[in-house]
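Heads up, the thing below is written out as structure tokens.
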Amino acid sequence: RSALMPGTTLEGRWSIRRLLGDGHGGPLWEAFDRELDQRVALRRLSSDRLDEVRERLEILQRSPHPGLARCFELDETREGPVLVRRLVSGLDWRRLADPARPLGAVALVHLLAELGAALVALHHQGLVHGHLGAGDVIVGPAGSVVITDSELPPGDSADSVATVADDVRALGRLAALALGVDPDDGRVQPFEGLSPELAGWITRCLGAEDGPGCSSVQELLELLERIE
């Protein structure tokens, strides 16, 4: 199949504008959808796990949540399957991960609460994100948070297994990144300015201290409510 690049048009419908990122599901493009008459995010998929993607999409569309990026369609084209979803405006979490300008405690609590609420909605539908990283979280100008790629199955094969605990640990890693800390550092971090409860939770998620972190995202939300 032909390579996508800015200026190309797919199926006479999607005009490719720019590369948004290249993550778990492969390159993600901004495109103009002539049928919908709006900008969208577009990703070409392999056919390997298409049934899993379709099943997850059906579940997500039954109970939409503002914190989970909405998909418009999964379309079979001559160039292979194409996933089209709403283009989310804002900065991805990687832009928050600046060691020179770490996020403050109040802002972090707000963003974690937004992120946690979206994950709880996903888990209530019986789904796990399983590959949540900084490139999968978009922060809007008003502090809203949207998780992308929830429709993509976790792992590299149908035999891959992901759990709620994986999403909880991913939250801890995202929190550390926003505080300017490398989550793979391996050393116990002071996380200055945070409540001892929240600092301890992040530390446990990073595995730098014995004992489990929160067993669920809901438990984290309850912790954040106590802090606020």
Side-chain angles (χ1 to χ4, degrees), residues 23-24 56 59-71 85-86 88-98 102-154 162-181 183 189 191 193-209 211-228:
H24 171 76
R56 289 174 71 93
I59 294 172
L60 289 165
Q61 288 171 343
R62 285 199 296 267
S63 302
H65 185 277
L68 301 173
R70 182 166 68 94
C71 285
R85 65 164 169 79
R86 179 170 70 94
V88 182
S89 299
L91 303 176
D92 75 32
W93 197 273
R94 286 172 293 203
R95 299 287 292 274
L96 300 177
D98 182 357
L103 203 64
V106 174
L108 178 64
V109 167
H110 168 76
L111 292 178
L112 282 179
E114 289 269 318
L115 189 52
L119 277 178
V120 164
L122 185 67
H123 295 164
H124 281 172
Q125 297 179 66
L127 299 177
V128 172
H129 196 285
H131 47 83
L132 186 65
D136 302 307
V137 181
I138 307 296
V139 181
S144 59
V145 173
V146 177
I147 296 174
T148 65
D149 292 343
S150 300
E151 66 282 348
L152 299 180
T163 67
V164 168
D166 293 318
D167 285 350
V168 175
R169 283 191 289 270
L171 270 179
R173 293 177 63 84
L174 290 171
L177 280 171
L179 293 168
V181 172
Q189 301 289 339
F191 295 120
L194 296 188
S195 73
E197 265 190 304
L198 182 54
W201 175 81
I202 297 172
T203 299
R204 290 191 296 273
C205 282
L206 299 182
E209 186 178 277
C214 294
S215 59
S216 70
V217 182
Q218 184 60 50
E219 188 177 337
L220 168 63
L221 294 180
E222 292 169 1
L223 184 158
L224 295 176
E225 283 184 9
R226 291 196 298 272
I227 294 173
E228 289 181 320

Find the distance between [atom1] ([X]) and [atom2] ([Y]) and round it off to the nearest 0.5 Å.
{"X": "I227", "Y": "E222", "atom1": "CD1", "atom2": "CD", "value": "12.5 Å"}
{"X": "L223", "Y": "L112", "atom1": "CG", "atom2": "CG", "value": "10.0 Å"}
{"X": "E151", "Y": "H129", "atom1": "CD", "atom2": "NE2", "value": "8.0 Å"}
{"X": "L179", "Y": "L174", "atom1": "CG", "atom2": "CG", "value": "11.0 Å"}
{"X": "R95", "Y": "L177", "atom1": "CZ", "atom2": "CG", "value": "15.0 Å"}
{"X": "T203", "Y": "L198", "atom1": "OG1", "atom2": "CG", "value": "9.0 Å"}

Test side chain to side chain donor-acceptor pair (under 3.5 Å) applied to H123 and D167, step by step: CA-CA 10 Å; H123 295 164; D167 285 350; 2.8 Å; yes

side-chain contact (heavy atoms from CB on, under 4.5 Å) assessment of S150 paired with L127: CA-CA 8 Å; S150 300; L127 299 177; over 6 Å; no

Intermediate values then yes/no, side-chain contact (heavy atoms from CB on, under 4.5 Å), V168 and V217: CA-CA 6 Å; V168 175; V217 182; 4.0 Å; yes

Considering non-hydrogen atoms only, spot the tightest contact between [X] and [Y] and give its length.
{"X": "I147", "Y": "A118", "answer": "CD1-CB, 3.8 Å"}
{"X": "A178", "Y": "L108", "answer": "CB-CD1, 4.1 Å"}
{"X": "A69", "Y": "V88", "answer": "CB-CG2, 4.1 Å"}
{"X": "A170", "Y": "L132", "answer": "CB-O, 3.5 Å"}
{"X": "R86", "Y": "P66", "answer": "NH2-O, 4.3 Å"}
{"X": "Q125", "Y": "S63", "answer": "NE2-O, 3.3 Å"}

Close side-chain approach of L122 and L60, heavy atoms under 4.5 Å: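 Yes, close enough: below the 4.5 Å cut-off.
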
Min side-chain heavy-atom separation L111-L103 under 4.5 Å: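 In contact.
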
Side-chain donor/acceptor of R173 to backbone N/O of G133, under 3.5 Å: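 Checking the backbone N and O of G133 against the side chain of R173, no donor-acceptor pair under 3.5 Å is found.
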
Worked check of side-chain contact (heavy atoms from CB on, under 4.5 Å) between L194 and I202: CA-CA 10 Å; L194 296 188; I202 297 172; 3.7 Å; yes

From CA spacing to verdict: side-chain contact (heavy atoms from CB on, under 4.5 Å), D149, R85: CA-CA 9 Å; D149 292 343; R85 65 164 169 79; 4.2 Å; yes

